[in-house]
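First the proteins, then the strands, lettered A, B, ... as listed; each starts at 1.
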2 protein chains.
Amino acid sequence: MASLDRSLIAGLSAFQDLTAKELDTIIGRARSKRIARNAFLFEEEQEAHSFFLLLDGHVRVVKSTPDGHEVTVRYISPGELMGIALALGRTTYPASAIAVVDCVSLAWPSHQWPTFAEEFPAFVANAYKTIGSRLQDAHSRVIEMSTEQVDQRVAHALLKLVDQTGKKTGEGFLIDFPLSRQNIAEMTGTTLHTVSRLLSCWEGKGLVKSGRQKVTVLAPHRLLELAEGRAEKS
Amino acid sequence: MASLDRSLIAGLSAFQDLTAKELDTIIGRARSKRIARNAFLFEEEQEAHSFFLLLDGHVRVVKSTPDGHEVTVRYISPGELMGIALALGRTTYPASAIAVVDCVSLAWPSHQWPTFAEEFPAFVANAYKTIGSRLQDAHSRVIEMSTEQVDQRVAHALLKLVDQTGKKTGEGFLIDFPLSRQNIAEMTGTTLHTVSRLLSCWEGKGLVKSGRQKVTVLAPHRLLELAEGRAEKS
DNA sequence: CGAATTGTTTGCGCCCCGACAAACAAGCGC
DNA sequence: GCGCTTGTTTGTCGGGGCGCAAACAATTCG
């Protein structure tokens with residue numbers, strides 16, 4: 001395997017405030033890994049052997065309920081940390097991570113976490129900042145689920161994805177990984193049927209354009225109005 | 001004001017692994033404060049001037065939506081930290097905290113947080129453990145909201161409160177602070193009307209007993225069956 | 001002690017949205 | 001190319017639960 005270069009991780013928020021030398025050390029201890037589409041990076045309840053940084057691709061994080069429902073917790077984009085269960089004081093992963101496209105990630109053995117904490121306090125500080133912002137995300141989700149209708153939640157979810165990974169095209173903003181109606185349903189607590197109906201309706205109004213596992217948002221502003229309940233019910 | 005004694009905080013999980021001397025130092029920098037019922041400890045979006053430890057009473061943490069809905073994020077019991085916004089890298093409080101009964105709390109000025117981090121690494125480590133467990137709570141909430149019916153969510157909410165602050169009485173487990181139908185509705189994303197109907201129904205079946213701002217769970221086991229969807233629909 | 005405030009109960013109607021079902025379309029492997 | 005799998009669309013039906021409204025009960029306060 002070609003040796004890894006610190007340029008891979010320099011500039012990422014997870015490695016803010018670290019010196020070049022520290023970056024070299026950190027990346028020297030990483031293994032790089034390719035993950036095929038639809039493969040698991042790690043699974044819920046498994047021993048948390050490693051923590052990860054996504055270099056390329058997109059990862060879906062899901063939790064399963066005893067009765068077979070799957071709920072998508074979040075999508076991970078390149079540059080984000082994953083599987084930092086141990087920072088939460090856990091020894092097992094709280095959720096599963098699935099590659100939605102072919103991915104590349106870095107992985108460090110979990111037993112290095114305490115060492116990292118001593119040697120690179122800035123790194124763990126950043127990791128905690130990540131956890132903090134995910135806590136806030138989770139609270140927003142709870143509030144959305146508590147107070148909004150399905151159409152608003154779906155609109156919010158699409159806008160979030162556009163923000164995170166939207167790719168400007170001639171027509172609008174393409175969410176540039178395979179995203180099915182079922183996936184959207186699992187993000188918003190509804191069924192694929194309802195999502196399908198909503199997208200069809202919105203396509204009719206020129207808000208979005210969607211195909212098989214593909215969604216393009218044409219009019220983010222109007223979708224935002226809808227998400228915030230400021231839209232006319234026509 | 002009488003000086004504070006470390007016995008107030010020794011033994012709390014937030015101060016695990018700290019020496020008696022460290023506890024003395026920490027408590028020496030705290031202000032103690034009484035908060036009257038229904039008063040705010042802090043408010044959403046305000047400058048986060050202090051962080052708190054609840055010594056006595058119960059606190060409700062709520063977030064408000066632009067359109068006037070209130071969502072209860074969690075109830076705080078004695079011994080828990082509150083308002084640790086800065087640990088999340090925030091400078092303002094993400095939510096409001098209201099005393100549901102007369103309360104006593106300790107408060108430290110936020111600007112001492114960095115000092116604490118240096119002097120008492122065990123303390124911040126514990127604080128992060130708290131945040132981690134709240135992240136998991138929040139994710140459970142999201143999953144409940146996504147997959148469960150209203151009756152299951154209300155059942156879960158009651159059971160959680162019983163776990164947290166249930167007081168064994170002759171009949172069952174009393175949630176020992178004022179808790180209205182509206183409060184329960186704000187925890188579970190429904191309306192006070194629906195909660196009222198549910199409690200009436202459950203009272204008829206002998207599962208709970210409830211009065212004005214008062215709920216006693218008589219049969220936790222049967223309520224748990226209901227919460228997990230294993231109950232007969234009679 | 002009466003009036004005002006706050007919390008609870010209950011009825012009714014409607015609508016969002018989930019359940020079920022069936023047909024269709026697109027990609028994938030052989 | 002042909003079947004098989006996977007994803008999407010659309011219809012119908014029914015019910016859970018919310019909005020609205022009104023009456024009632026418990027507390028508080030003057």
Side-chain angles (χ1 to χ4, degrees), chain A residues 36-38 60 65 67-72 98 100-102 144-155 157 175 177-204 208-216 226 229 231 233-234, chain B residues 36-38 60 67-72 98 100-101 144-155 157 175 177-204 208-216 226 229 231 233-234:
Chain A
R37 179 172 178 189
N38 291 329
R60 180 160 44 97
T65 65
D67 56 317
H69 279 101
E70 303 228 312
V71 177
T72 297
I98 305 171
V100 295
V101 293
D102 291 347
E144 282 180 22
M145 298 292 304
S146 300
T147 63
E148 297 179 354
Q149 310 263 45
V150 169
D151 57 347
Q152 295 177 276
R153 301 204 303 266
V154 172
I175 295 168
F177 54 81
L179 181 73
S180 71
R181 309 289 184 265
Q182 175 70 31
N183 294 150
I184 298 175
E186 287 173 2
M187 298 179 67
T188 51
T190 180
T191 61
L192 77 160
H193 308 277
T194 299
V195 173
S196 176
R197 274 181 248 270
L198 278 174
L199 289 186
S200 295
C201 167
W202 292 346
E203 187 142 7
V208 304
K209 190 152 165 295
S210 72
R212 187 188 175 81
Q213 303 198 90
K214 214 178 57 174
V215 180
T216 305
L226 213 157
K233 290 282 176 196
S234 65
Chain B
R37 180 171 176 188
N38 291 330
R60 180 160 43 99
D67 56 316
H69 279 101
E70 302 228 314
V71 177
T72 297
I98 305 171
V100 295
V101 293
E144 282 180 23
M145 297 293 305
S146 300
T147 62
E148 297 180 355
Q149 309 265 44
V150 170
D151 57 347
Q152 296 178 276
R153 302 204 302 267
V154 172
I175 295 169
F177 55 79
L179 181 73
S180 71
R181 310 290 184 264
Q182 175 69 32
N183 293 150
I184 298 175
E186 286 175 2
M187 299 178 67
T188 51
T190 181
T191 61
L192 77 162
H193 309 277
T194 300
V195 173
S196 176
R197 274 181 251 269
L198 278 174
L199 289 186
S200 295
C201 166
W202 291 346
E203 186 142 7
V208 305
K209 190 153 164 294
S210 74
R212 189 189 174 80
Q213 302 198 93
K214 216 179 55 173
V215 179
T216 305
L226 213 156
K233 290 281 176 196
S234 65

- In residues 178-187 of chain A, what residues come within less than 4.0 Å of DNA chain D, judged by heavy atoms?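 Residues of residues 178-187 of chain A under 4.0 Å from DNA chain D: A:Ser180, A:Arg181.
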
Q: For side chain to side chain contact (heavy atoms under 4.5 Å, CB included), just list the numbers for A:Leu179 and A:Ile184, CA-CA rounded to whole Å, side-chain angles, deciding distance to a tenth of an Å, and then say yes or no.
A: CA-CA 7 Å; A:Leu179 181 73; A:Ile184 298 175; 3.8 Å; yes

Closer than 3.5 angstrom, by distance alone: can the side chain of A:Arg181 be matched with the main-chain N or O of A:Ser196 as a donor-acceptor pair?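 No, the answer is negative, given that no donor and acceptor are paired below the 3.5 Å cut-off.
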
Can you tell me how far [atom2] of [N] sits from [atom1] of [X], to the nearest Å?
X        : N      : atom1 : atom2 : result
A:Lys214 : C:dA25 : NZ    : P     : 17 Å
B:Leu192 : D:dC24 : CG    : C1'   : 14 Å
B:Gln213 : C:dT5  : CD    : C1'   : 12 Å

Heavy atoms only, 4.0 Å cut-off, all strands: where does B:Ser200 land among base, sugar-phosphate and nothing?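 Sugar-phosphate: the residue B:Ser200, judged by heavy atoms under 4.0 Å, touches backbone atoms but no base.
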
Scan B:Leu199 against the nucleic acid and name what it touches under 4.0 Å (heavy atoms): base, sugar-phosphate only, or nothing.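 Contact class for B:Leu199: none.
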
Side-chain N or O of B:Ser196 versus OP1/OP2 of C:dT8: is the shortest distance under 4.0 Å?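 So the side-chain polar atoms of B:Ser196 never come under 4.0 Å of the phosphate oxygens OP1 or OP2 of C:dT8.
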
Mind running side chain to side chain contact (heavy atoms under 4.5 Å, CB included) on B:Thr72 and B:Asn183 for me, showing each step along the way? CA-CA 8 Å; B:Thr72 297; B:Asn183 293 150; 5.7 Å; no

Distances under 3.5 Å only, N/O to N/O: pair up the protein atoms with those of nucleotides 27-30 of chain D.
none

Notebook entry, point to check: Are A:Glu186 and A:Val71 side-chain neighbours, meaning at least one heavy-atom pair lies under 4.5 Å?
Noted result: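 They are not in side-chain contact.
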
Each nucleotide of nucleotides 11-24 of chain C classed B (base within 4.0 Å of a protein heavy atom), S (only sugar-phosphate) or -, in 5' to 3' order, makes BB---SSSBBB---

